[in-house]
Every structure is written in structure tokens, then in C-alpha cells.
Amino acid sequence: MNIESLNKEQQEAVTYVNGPLLVLAGAGSGKTKVLTSRIAYLIEKGIDPYNILAITFTNKAAAEMKERVIKLIGGEARNMQISTFHSFGLKLIRENYEYLGLDNNFAIFDTEDSLTAVKRVLRKLDIDPNKFPPKSFRNKISSLKNDLITPDSFNRYAKTDFDKLVIQVYKEYDEELQKNNAVDFDDLLILPIKLFKDNKELLLKYQDRFKYILIDEYQDTNEAQYVLTKYLASKYQNICVVGDSDQAIYGFRGANFKNILNFEKDYKLCKTIVLKKNYRSTKVILDAANSVIKNNIDRHPKDLESIKKDGELITYYRAKNGNDEVSFVGKTIMDLQKANISLDDIVVLYRTNAQSRLFEDEFLKRNIPYRIIGAVNFYARREIKDLMAYLKVINNPRDAISLLRSINTPKRGIGNKTIEDLIAKSNDENISLFDAIVDGKALLYKNIILDLQKEKEHLSLTELVELVLEKSGLKEELIKENSVEAETRLENLEEFKSITKAFEDKYGLISLPDFLYEVSLISDNTEVTDSNNRVSLMTIHAVKGLEFDYVFITGLEEGLFPHINALFSNSEIEEERRLCYVAITRAKEKLFLTNARTRVLYGKDQINPVSRFIKEITPELIESINPEEKEKKTEPRKVLEDNKDSDYQVGDYVYHDIFGTGKVINVEKTVVKVAFKMPYGIKLLMKEHASLHKIVE
């Protein structure tokens, strides 16, 4: 195999054969090339492909890796085990099912199957699913399994009533799996560990089988994956892990980035190689990424080095509001189009899915083709369609399609038999489904609709939506579920109020039917063209592993990015910062950063400070095109960095990080009253607050 095309560090990683090896692969440093070249090199050196195990995190990545190895060395690579952790776990279980009390035709329960099993357990234990949603049990059990916590061991940590119920449900759920000769997705990791723990001979057999182990994206491993790897590698210790602590962004899924930080402690004879040469981004972009990530403490220190030229400065736009922000992005993309830039080379990134709605509206208005990666368009999302169904029935009770969607959403115990009877009665008596409801649990739904119809007469649209979310139970159900998925769906429902508020700001007290017609026109026109040439819209989590020539990172505000849930935890702020680092390093040629002074999010006006991540980027790398920023930069005055000893006088000028330039109109012992330009007006501020700076000549 020819390794001359590799750089010095890559060659070293490929040719280091025996012993533990940690490859710290920075963004865009060619880690996949190193992994595939290393496999080919091992085989060239006489190591049987049968003795090599390569693990990555997605089926797509595993298939691509195998294909690349086959191209390098030929068909013998087909005998190699290149797969995901879960595929590998399944292989181990299938080869040893009898040790686990399974038959050879055991089933694998997917997420919905697992949820059904949990529901059966809840019925058996007489647990009210309305009080304790089945999904909350399923999610908790999954989390415990991936942390290798059994029902008995969880007993020590159980404090709440829900925790105590989890122990019972967890035990019964495992029994349900056994009865069904089934395993769930989490068991594909847990049961191989049980096999190795209980059967030393089996462990030795697989240790001798897989003498050389390679693991990609090691920073994303969870506890179960870490332990499974440790079992396999403990005999020969020919383990090579590749990853980057600076790109660990999946803590919410149970990933533990400290696995990669602790690798050198786990394997004392470990050799560490750092891949610093970046083949993707310009020097300006990498310098920005380095200046942000160096503020994290828990990391392997390294600075990426670009092999490209300096490149363009980063463009920073401080918008007046959310609409101004998306307008800037839309206009800039149209300018790029005029410069013959392909839309496929452009991505717009945001922290939460709820932010996509304004961009979708803007791109539809400007006729910019787009695709949403990792999520359906805003109006097609399940929770938005559920909410719209309620609004449509309130507006028109004869709308049977919307009624059937909403009558048992969330679950009210209205079964198929009840619905079949209602449909039959509606047909027999030639009345609407709504009028056919006269008793039973369906009457509870009808009364909710009737109450909402009365209330809508004296409520604004936004107030009506809030009431629908409360009275229907849509909001309560998601709060009780308490999962990452539920939180995202809840954010989308809250964001819907931004739509109604925008309509009210534009049209005044718009009627419900007028609103529904307007939204129908927008939501029915989600694809502006069949062209493949489209801008990509996605969350930053979804962009991991991708790259684009032109990248827009939007919503860079405290409370949005970094997310409000992370603001009171150093470890969570560090994960948000890693997320920012991942976002920046997706850009190959040009990076745009945007935020807004004010925005409507979840139906509320918000004033968020500028994200700390903007401030952490070396100022010389940024070109601001915001007129107020330019004015501030050229202003022939100095801003004090430390105001602790400042002596404020009426008439002094100050600068505030959020409100901009203002004038002191009153001074008290510890506070000053300052008049700022609209929309901020007069503010009472602590003299020593870090955001306030006195301006001196």
C-alpha cells in the first residue's frame, strides 16, 4: 500500500501496529483516510482480516469504510468485521443466544415495540398512563441500560415516586422481553457485556478472534460501548481509537467524552498522535475555531493548522430582530447565487429546530430552494399538525379529518370501536361526526372544543393557541414525557405562537379562519422547486460529519446558543462550546455569524445578550457589517474595561453589551439610570455590572 500521499502524522498513525494507540483527529484532518489506510496496512503486514474489528457509529459510515478498504486491498477485506456497535453486538448475541436464555429465532424490539411492551407492563401494574406516560418509562429504562444500571442497583438512587415505579416497570419489562423471546435495541450492547462477564472462556475466544481493534468517533461512546471495548481489548491491547474531545456533542444521548480523555490512563503504554493539519477550512476559519475552543478546560489541547491560504474574514451581522436576521441571510444567499455559487454548497445552522420556521418563510418568499436535513418542514411536523387539527375543528366542527386526528391526541382512552361507532352513527343519521358525539369519553373531547369555541370570541390568536395547548393536554403530555424528543416538540409548539403573534403584528386582530387560510397557503407550498440545487437547513447537531463552502451560524445569543438549559452548568457550557466549534469547522471557504437584538421566540419578545462565543473569537478575524458596530469601532472615544471604580455623573455616556450606547440621567449609590435608544428606553443598572462600560474621551 502506498502511504506517500499521507502527511507525517497520518503515516505514523497508519504504521504503528502493536499496542494501544490514541489518534486525536481534529476536524477535517483526514481521520477516515487514516482508519482505512491503517486497516490496509495491517493486512499488508500479514494480519488476517478475520482478526481485525473496526467499529464506527452509523451503518452508512461502516459501509463506506468497508468499500474504501476493499478498493485499497481487494476482496479479502470482505471477511473483516466492519460495523456499528449495535451490529457487532447482534453478531455476538446470535452466535451465543443459548447462554442468554434465548431461542435462535429471537426478535429485536424496535422503539415502538418497546413502547408497546411498556404499556402492557403499566396495565399489569395498574399504573395510570395519563399520570405517568409510557414514553417516560421507556426513555428512563433505555438510559439506565446504557449506563449499565440494573433495576436493583438503581434502587440506591431512587428518590421520587416515579423512580420507584421505574424499578418495578424495569423488572417487569425485562421479564416481558424474555417471555417474547426478544431483546431491545439497548440489549444489543448490554447482553454481550453480560456474556463476557459470565463466561471467561467466551471472552478469551473473542479476544483471540479480534486481536486488532479500531474504533472511530471514540468521544461519542457511552458507558456500555466503553465497557464492551475494554473487555475485548484487555488481553492484547492492540486497540486504536480515533476521535476528538473538541467534537463531543452528544452528551444528551448518554455519550461520555471523558472516555477519550481517560484513554491514556486506561492503557498505560498508549502512544498518542495528534492530527492537526486541516484540509477543509481556511486559516481564518480555523483560527476562529481555535480561539473559541481554547476556553474549554476538559480537552486535549491542540490548534488546527490549515493547509489553505488565509481566506476571507468572518462576516458578523447583528440584526435588529429575528425577521431582520433571516432577511439578511436570505439576501446574502441570493447575492451568492448571483456570483454563481451553488446552493448545494450553502448551509444555514441553528441551535433548535424551532428557529427553522422563520427561515422557511423567508426562503419561500424569496423563492430560494431549500431542504431541511434531519427534520421535516415546520408545518409538517406531527405536533404542529396536531395543534392545527384542534384549531381547524374549533373553526369548523364538520371537518372530520381534523376531528379524527385530534379526538384521541393526546390519548384519552377513545378506542377504535368508539370511533367506528361514531362514523356509523354519522353515516346512518346523516350528521357530522362532531354532532354524533353525545356520551362517553369522546364527549370530554367535544366539551373541550365547545369551551374553546366560546373562549375564542374574546381572545387574541396567540392567547387562543396557548389555551388550546393547555386544555387539549398537548403541552402537559410532552412535559410529562420529559425526553429530548419531547423537549424539541414542545419548543416547536411554543414557536407556533411566534407565527400567530407575527400575524397579529401585521394584520391586527386577525380572525381564526383568515389565519388558517393564510397558513394553509404557506404550509401547502413547502417545496418551491424540484431542483436538486438547494440550501440546506439543519440544527448544529445534525451537521456533524458534513462540510459546506458557505456556512451561516444563526441565533448566536446567550440563552439561545449557548442554550438556556446550559447557562448554569460549566460542563454543559463546555458542550455548547464544542457544538460551536463543530459548527465553525464545517465551513470550508466563508463563515457568516448572525444574531438579533430582539426576537420573538415561543410567542414571547426576547432581548438576549450577544453569545459569549462571538466574544471569544479573535476580533481581527471578524468583519462586522452592522452599521452600529461600525460606528462604535470608529468612535474616537475609549471604553473602560473595568468599571468597579468608575465615578458616574449625570450626562456621562456609557456602553452596554445589550442596549448599546446610552446617557446617564440619574446616579444613586449603587445604580445608575440610563437612557438608551428605542426600543430599550430608560434602564436602571448596577454600576459594577460586567455588561456596563463608561465611555471616556
Side-chain ([X]) to main-chain ([Y]) donor-acceptor, under 3.5 angstrom:
X: Thr84; Y: Phe57; answer: no
X: Ser136; Y: Asn482; answer: no
X: Asn427; Y: Ile423; answer: yes
X: Glu455; Y: Leu467; answer: no
X: His541; Y: Ile249; answer: yes
X: Glu576; Y: His563; answer: yes
X: Thr500; Y: Leu461; answer: no
X: Gln355; Y: Arg351; answer: yes

With a 4.0 Å cut-off, would you call [X] and [Y] a salt bridge?
X: Glu494; Y: Lys475; value: yes
X: Asp605; Y: Lys501; value: yes
X: Glu176; Y: Lys124; value: no
X: Glu547; Y: Arg586; value: no
X: Asp324; Y: Arg597; value: no
X: Asp335; Y: Lys331; value: yes
X: Arg138; Y: Asp186; value: no
X: Asp549; Y: Lys590; value: no
X: Lys446; Y: Asp439; value: no
X: Lys480; Y: Glu477; value: no

Taking atom [atom1] of [X] as the centre, report whether more than 12 heavy atoms of other residues, nucleotides or ligands fall under 6.0 Å from it.
X: Asp128; atom1: CG; answer: yes
X: Ile431; atom1: CD1; answer: yes
X: Asp161; atom1: CG; answer: no
X: Leu444; atom1: CG; answer: yes

- Query: Should the ring pair Phe515 and Phe496 be called parallel, tilted or perpendicular, given that the plane angle runs from 0 to 90° and is split at 30 and 60?
  - Reply: perpendicular
When you check the side-chain N and O atoms of [X] and [Y], is any donor under 3.5 Å from an acceptor?
X: Thr409; Y: Asp386; value: no
X: Tyr445; Y: Asn408; value: no
X: Ser483; Y: Glu481; value: yes
X: Asp421; Y: Thr418; value: no
X: Asp113; Y: Thr116; value: no
X: Gln606; Y: Thr598; value: no
X: Arg381; Y: Ser356; value: yes
X: Gln453; Y: Asn395; value: no
X: Glu491; Y: Thr488; value: no
X: Glu325; Y: Thr594; value: yes

- Item | Phe561 vs Ile540, side-chain contact (heavy atoms from CB on, under 4.5 Å): CA-CA, chis, key distance, verdict | CA-CA 10 Å; Phe561 189 26; Ile540 301 169; 3.3 Å; yes
- For Tyr550 and Thr332, run side-chain hydrogen bond (donor to acceptor under 3.5 Å, both in side chains): C-alpha distance rounded to whole Å, both residues' side-chain angles, the deciding distance at 0.1 Å, then the answer. CA-CA 11 Å; Tyr550 297 86; Thr332 305; over 6 Å; no
Quick one: closest heavy-atom pair of [X] and [Y], and the distance?
X: Phe328; Y: Ile625; value: CE1-CD1, 3.1 Å
X: Pro562; Y: Ile573; value: CB-CD1, 3.9 Å
X: Glu572; Y: Ala566; value: OE1-CA, 3.6 Å
X: Asn608; Y: Arg318; value: O-NH2, 4.0 Å

- Message: By the definition side chain to side chain contact (heavy atoms under 4.5 Å, CB included), identify the one residue from Leu567, Asn595, Ile614 that meets it with Glu558.
- Response: Leu567
- Task: Find the distance between CD (Glu504) and CD1 (Ile499) and round it off to the nearest 0.5 Å.
- Result: 12.0 Å
- Nearest-0.5 Å distance, CG of residue Leu464 to CD of residue Glu457: 10.0 Å
- Residue pairs involving residues 109-145 (criterion ring pair (Phe, Tyr, Trp, His ring centres under 6.0 Å); sequence neighbours excluded): Phe137-Phe162
- Message: Quick check with a 6.0 Å cut-off and a 45 degree axis cone: is Lys615 positioned over the face of Phe613's six-membered ring?
- Response: no
- Message: Could you tell me if Arg578 sits above the aromatic ring of Tyr581, with its cationic atom closer than 6.0 Å to the ring centre and no more than 45 degrees from the axis?
- Response: no
- Give the intermediate values and the outcome of side-chain hydrogen bond (donor to acceptor under 3.5 Å, both in side chains) for residues Tyr390 and Ser402. CA-CA 7 Å; Tyr390 273 96; Ser402 296; over 6 Å; no
- Message: The test is side-chain contact (heavy atoms from CB on, under 4.5 Å); show your working for Thr539 and Tyr350 and say whether it passes.
- Response: CA-CA 5 Å; Thr539 65; Tyr350 34 79; 3.8 Å; yes
- side-chain contact (heavy atoms from CB on, under 4.5 Å) between Asp399 and Phe434: does it pass, once the steps are laid out? CA-CA 9 Å; Asp399 183 342; Phe434 191 81; over 6 Å; no
- Message: Quick one, Ile373 with Val347, criterion side-chain contact (heavy atoms from CB on, under 4.5 Å). Give me CA distance, side-chain angles, the key distance, then yes/no.
- Response: CA-CA 10 Å; Ile373 308 296; Val347 67; over 6 Å; no
- Task: Tell me, with the steps shown, if Lys417 and Glu420 meet salt bridge (Lys or Arg N to Asp or Glu O under 4.0 Å).
- Result: CA-CA 5 Å; Lys417 179 67 167 60; Glu420 287 169 6; over 6 Å; no
